[in-house]
Amino acid sequence: MTTQGTAPFGRALCAMITPFTAAGTLDLDGARLLADRLVSEGCDGLVLSGTTGESPTTTDVEKSALVRAVREAVGDRASIVAGVGTADTRHTVELALEAEKAGADGLLVVTPYYSRPPQEAVEAHFRDIADASGLPLVLYDIPGRTGTRIEPATMIRLAEHPRIVAVKDCAYDLLGTHKVLARTELAYYAGCDEYVLALYASGGTGYVSTVANVAPGHFRSILDAFDAGDPARAARLQQRAVPLIESMMAAGLPGTVTAKALLGRLGLPAGPVRAPLRPAGRETADGLLAVYEELISVS
């Protein structure tokens, strides 16, 4: 497993899309090609079967096959974190054990959604999964999608578990994040691309980025500039990415849809999205390509 300083899975992680064939079946050859490109262009790790990876519409068998294919492609050059979160604790445990068998280095576990459990139930859910598997856990805090926050006090208690090591932070609560950072050794990854530098500069570990599917080198360069002692350059690089971040993540379509549309225009493995998602239209894809090309031209 790749490690970098105190980062359990490296600093630059991509929330990789799951490529499908034109017929909508899992494209394992495409996944291998995309994974190899992402690692070659600066990703320390790949997060598979997250929201961007269309986990709600992929089967358990497909999730395991994806981990095996990507491990074959990247070997020990990068970490693999497998998304196993569901609204059902028992099912999540089953997925965690299968991901471990398939060769994952860690598990991404989202807060149980829809049922909106109280905090003591949220804590028990994560502890049950951490106890069941030998792999380290990344807690995925995204209340805008799940309806339930992992409250800072809950996060601090969970940090006592030896296999709960990191957080993918999409809570949009920097004060709460800093409370946890001050009290724990949890590695905090920015899960929102616009917060990459802000979190990294204030004690975060790195990022889990959707936009890195199309611009892995640019996002890696933000961290590299900061690490090299040039925060002004890091800020310029973060700011240059704003138009692409906005186009992909804040223009009314899910990041999965926009990432696949742009990857397709770049001739890279992607394929269609699965229903209920719908593909981006031609005009949207044209606009994404134009914004991407502008970013690349000045990077």
Side-chain angles (χ1 to χ4, degrees), residues 1-4 7-10 12-86 88 90-110 129-130 132-140 163 165-166 168 189 208-210 212-214 216 256 259-260 263-264 268-274:
M1 180 175 69
T2 300
T3 57
Q4 187 175 4
F9 306 106
L13 276 62
C14 177
M16 195 177 104
I17 61 107
T18 299
F20 298 131
T21 67
T25 59
L26 185 61
D27 180 6
L28 293 178
D29 287 338
R32 293 183 187 97
L33 288 169
L34 184 59
D36 181 70
R37 170 188 177 266
L38 290 168
V39 173
S40 296
E41 295 191 13
C43 293
D44 298 320
L46 303 172
V47 176
L48 308 178
S49 296
T51 309
T52 302
E54 298 181 75
S55 58
T57 54
T58 55
T59 68
D60 294 2
V61 171
E62 288 175 325
K63 289 178 174 67
S64 292
L66 183 64
V67 171
R68 289 188 174 92
V70 171
R71 173 58 73 204
E72 178 184 329
V74 305
D76 61 359
R77 294 182 294 144
S79 299
I80 295 176
V81 178
V84 298
T86 75
D88 176 356
R90 289 180 299 175
H91 188 198
T92 303
V93 167
E94 291 169 2
L95 288 174
L97 295 175
E98 288 302 314
E100 186 172 10
K101 292 177 186 175
D105 297 306
L107 305 170
L108 177 72
V109 188
V110 74
I129 297 152
S133 166
L135 295 181
L137 264 63
V138 181
L139 307 181
Y140 187 6
R163 282 191 293 278
V165 301
K168 180 182 177 184
Y189 291 91
V208 178
S209 167
T210 293
N213 276 281
V214 297
T256 305
K260 283 197 161 184
L263 285 167
L268 294 167
V273 291
R274 284 184 176 169

Original post:
Roughly how far, to the nearest 0.5 Å, is the CG atom of Leu268 from the CG atom of Leu34?
Top reply: 7.0 Å

**OP:** State the CG-SG distance between Leu13 and Cys43, to the nearest 0.5 angstrom.
**Re:** 7.5 Å

Subject >> Donor-acceptor under 3.5 Å (Arg37 side chain, Asn213 main chain) >> reply: yes

**OP:** Heavy atoms only: give me the nearest Lys168-Ala15 pair and the separation to one decimal.
**Re:** NZ-CB, 4.5 Å

Subject >> Ala259 versus Thr210, closest heavy-atom pair with distance >> reply: CB-CG2, 4.5 Å

**OP:** State whether the side chain of Thr52 and the backbone N or O of Ile17 hold a donor-acceptor pair below 3.5 Å, judged by distance alone.
**Re:** no

Original post:
Can you tell if the side chain of Val70 reaches within under 4.5 Å of the side chain of Met16, non-hydrogen atoms only?
Top reply: yes

Subject >> Contact check, side chains of Tyr140 and Thr51, non-hydrogen atoms, under 4.5 Å >> reply: yes

**OP:** Verify, without hydrogens or angle tests, whether Glu54 (side chain) and Arg274 (backbone) share a donor-acceptor contact under 3.5 angstrom.
**Re:** yes

**OP:** Output yes when a side-chain donor or acceptor of Ser40 lies under 3.5 Å from a complementary backbone atom of Asp36, and no otherwise.
**Re:** yes

Original post:
Would a distance-only check, ignoring hydrogens and angles, find a side-chain to backbone donor-acceptor pair under 3.5 Å from Arg163 to Ser133?
Top reply: yes

Original post:
Would a distance-only check, ignoring hydrogens and angles, find a side-chain to backbone donor-acceptor pair under 3.5 Å from Asp44 to Ala12?
Top reply: yes

**OP:** Might you point out which heavy atoms bring Leu38 and Cys14 nearest each other, and give the distance in Å?
**Re:** CD1-SG, 3.9 Å

**OP:** Please step through side-chain contact (heavy atoms from CB on, under 4.5 Å) for the pair Arg71 and Asp105, ending with a clear verdict.
**Re:** CA-CA 10 Å; Arg71 173 58 73 204; Asp105 297 306; 2.6 Å; yes

Original post:
Measuring from Ile129:CD1 to Leu107:CG, what's the distance to the nearest 0.5 Å?
Top reply: 8.5 Å

Subject >> Leu26 side, atom CG; Phe20 side, atom CZ - distance, nearest 0.5 Å >> reply: 6.5 Å

Original post:
Closest approach of Arg32 and Ala69, non-hydrogen atoms and distance?
Top reply: CG-O, 3.5 Å

**OP:** State, with a plain yes or no, whether a side-chain heavy atom of Thr18 is found less than 4.5 Å away from one of Leu48.
**Re:** no

Subject >> Heavy-atom pair of closest approach, residues Pro8 and Tyr189 >> reply: CD-OH, 3.5 Å

Original post:
Do Val47 and Phe9 come within less than 4.5 Å of each other through their side chains, counting heavy atoms only?
Top reply: no

Original post:
Any side-chain heavy atom of Leu66 within less than 4.5 Å of one from Thr58?
Top reply: no

**OP:** Identify the two heavy atoms, one from Val273 and one from Lys260, that lie closest to each other, and give their separation to 0.1 Å.
**Re:** CG1-CD, 3.7 Å

Subject >> 4.5 Å side-chain heavy-atom contact, Leu28 and Arg68 >> reply: no

Original post:
Is a side-chain N or O of Lys63 found less than 3.5 angstrom from the main chain of Ala99, in a donor-acceptor match?
Top reply: no

